[in-house]
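Below: one structure, written as structure tokens.
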Amino acid sequence: MSSQETSSQTQTAQGSAQGSLFEKYNVEKHETQGNEDQIPTTKEIEENLPTLPEKSFKDYVGISVFCLLVAFGGFVFGFDTGTISGFVNMSDYKERFGEADASGTYVLSNVRTGVIVGIFNIGCAVGCIFLSKIADTNGRRIGIMFAMLIYVIGIIVQISSSTKWYQIVIGRAISGLAVGCLSVLSPLFIGESSPKQLRGTLVCCFQLNITLGIFLGYCTTYGTKTYNDSRQWRIPLGLCFAWAILMVAGMVCMPESPRYLIEKNKIEEAKKSIARSNKVPIENPGVYTEVQLIQAGIDREKLAGSASWSQLITGKPKILNRVMVGLLLQCLQQLTGDNYFFYYGTTIFQAVGLNDSFQTSIILGVVNFASTFVGIWAIERFGRRSCLLVGSAAMSVCFIIYSVLGSVNLYTDGYDGPTDKPTGNALIFITCLFIFFFASTWAGGVYSIISEIYPLRIRSKAMGIASAGNWLWGFLISFFTPFITNDIHFYYGFVFTGCLIFSFFFVYFFVYETKGLSLEEVDELYASGIQPWKSSGWVPPSHDSMAHTTGFASEAKPSGEHV
């Protein structure tokens, strides 16, 4: 496309946005002494555009409940994490799907354990890239309901298995497809539907549901391990049907994402969604302003490029940079070492001499769940960058102490001998402290950032790639951890320490602060040229500038590309 054509499109977009604002509004006349009929100037009109009223938290209870139902997708993932660590240590599970060793005892080999636990993550990696595209064609609500249908099929395959371990693997892979899709759509849907004042908090509720799922998963396996038959693991799996029903029921009531509706030119439905989310009448002028701002943002994105996969590399402003930041953040979330504890919590604490490691896992689940509330508060109080930086520093210290104690003081007479009880207790305390810092910083902070930093046109693709990185590293950690810990034991912790130190510098130099910004303003932040460590002080453009100008898109349109 020629520069003249691009310029023409830019002017058309500016004119249509500005014209529609002035035609739709009956702007109130300014009160002036001595001349009540004074006509307001264009600048005065622009400075007094209607906006949605500021409301207290209690006024957002309705949309918060809806977003919590969307965030329940995190519970589905967490419940799997909490139960699978118990399944691989249950007697009936090992008898059915394990092998008899030389003494006649049934065990799950490291390979079989790694495949059963890790294949779920492979399914998630595939699902978050490919299945999440359903949300772009059929809507966020339909995408989530479709994912739950796939999830139910996976549970049926698992629960119907009697002795074939590979049937369990197939079922977990199918369930993983659904959970991977949810890991993209839930934060995406919340980020697009929630008021910007509460967006970080509500996106963090996805992580809160993960921690709740892990905790209840631990509690469920602790309660069913007393059985001597397949009820040990079939009851926890059977509960998954209830989670699927609850999730689908929630989506029936949830209003569709207004940004998706506007992109599909369903303006009236979008206005209803915005009005419902902000608890105002649909006739409120601020609703129309919000529609105009979103529409202007979509128009700018169209001028900046198409929605093709190539835009992840060539798109503006700084799309490749943003894709890489999201991908590395999701990878580093796994490389903090959190799932080292959650997947193999029962096994780890058997090594420190605890008689009932299931009880210890429940303690970890409680700490994880409670600490997430701290994260929900901190993410909006201190911002995304600060939370991640503090988390990286604190978790590094915890893992250094954990690794030194485990590798130097825990075993008194070699790795096959008894363990030092005080050291074991210290390891449990350090583990709880680590989980506190993880749950209150990196757990929810990463989901908040990736739900905010991508333009609408490539949001599901970019979030899918970022989430795939998380799931891929989840698979690698879950599969190789049994082999690594058998060889180097607690020295494994120094690997995670190195990753955490790297994460601190990565966040400082590459991650922008997006607290309090609308999704459209984030594009302008990246186009501003400000350095990430100075981004906390960046002030977004005014509402009229966002509604009337093409901003970054005026220079970003690639030559030769058609809209």
Side-chain angles (χ1 to χ4, degrees), residues 78 81-90 117 210-223 225 334-375 391 393-443 477-478 481-482 484-486 488-497 499-500:
T81 302
T83 53
I84 192 60
S85 63
F87 289 171
V88 296
N89 286 282
M90 289 178 170
V117 175
I210 293 177
T211 61
L212 178 61
I214 292 173
F215 169 62
L216 291 183
Y218 285 154
C219 292
T220 303
T221 54
Y222 179 74
K225 72 183 180 67
Q334 284 289 343
L335 290 170
T336 59
D338 64 304
N339 277 337
Y340 164 67
F341 297 108
F342 293 135
Y343 280 130
Y344 295 102
T346 55
T347 305
I348 292 170
F349 291 111
Q350 283 175 351
V352 301
L354 291 174
N355 294 327
D356 194 341
S357 54
F358 281 88
Q359 291 180 350
T360 309
S361 294
I362 292 177
I363 294 173
L364 295 185
V366 171
V367 173
N368 189 32
F369 178 63
S371 302
T372 305
F373 286 99
V374 178
M395 288 187 289
S396 298
V397 174
C398 290
F399 242 126
I400 290 174
I401 298 172
Y402 175 89
S403 304
V404 170
L405 288 177
S407 55
V408 176
N409 290 355
L410 181 61
Y411 297 101
T412 56
D413 296 312
Y415 291 117
D416 294 327
T419 56
D420 181 64
K421 184 65 175 176
T423 301
N425 292 336
L427 284 173
I428 295 173
F429 172 76
I430 292 298
T431 300
C432 291
L433 191 61
F434 170 88
I435 290 175
F436 166 78
F437 284 117
F438 173 78
S440 59
T441 58
W442 272 76
I477 291 171
S478 62
T481 288
I484 296 173
T485 52
N486 279 348
I488 63 175
H489 301 279
F490 287 88
Y491 287 103
Y492 190 24
F494 290 114
V495 176
F496 296 117
T497 302
C499 294
L500 285 164

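- F437 meets the ring pair (Phe, Tyr, Trp, His ring centres under 6.0 Å) test with no other residue; sequence neighbours excluded.
- S371 contributes no side-chain N or O that, together with a main-chain N or O of N368, makes up a donor-acceptor pair within less than 3.5 Å.
- To the nearest 0.5 Å, atoms CD1 (I363) and OG1 (T431) are separated by 11.0 Å.
- In this structure, the side-chain contact (heavy atoms from CB on, under 4.5 Å) partners of C499, at least two apart in sequence or on a different chain, are L335.
- The line from CG of L433 to CD1 of I428 is 14.0 Å long, rounded to the nearest 0.5 Å.
- V374 meets the side-chain contact (heavy atoms from CB on, under 4.5 Å) test with F436, S440; sequence neighbours excluded.
- Taking L405 as the reference, I401, N409, T423, A426, L427 meet the side-chain contact (heavy atoms from CB on, under 4.5 Å) condition, with sequence neighbours excluded.
- Note that CD1 of I210 and OG1 of T81 are 8.0 Å apart. Values are rounded to the nearest 0.5 Å.
- Ring centers of F494 and F490: at least 6.0 Å apart, outside the cut-off.
- A distance of 11.0 Å separates CG of L216 from OG1 of T83, quoted to the nearest 0.5 Å.
- The ring pair (Phe, Tyr, Trp, His ring centres under 6.0 Å) search around F399 returns F341, Y402, F434, F496, not counting sequence neighbours.
- Not counting sequence neighbours, F429 has no partner by the ring pair (Phe, Tyr, Trp, His ring centres under 6.0 Å) test.
- A heavy-atom distance below 4.5 Å is found between the side chains of V495 and Y492.
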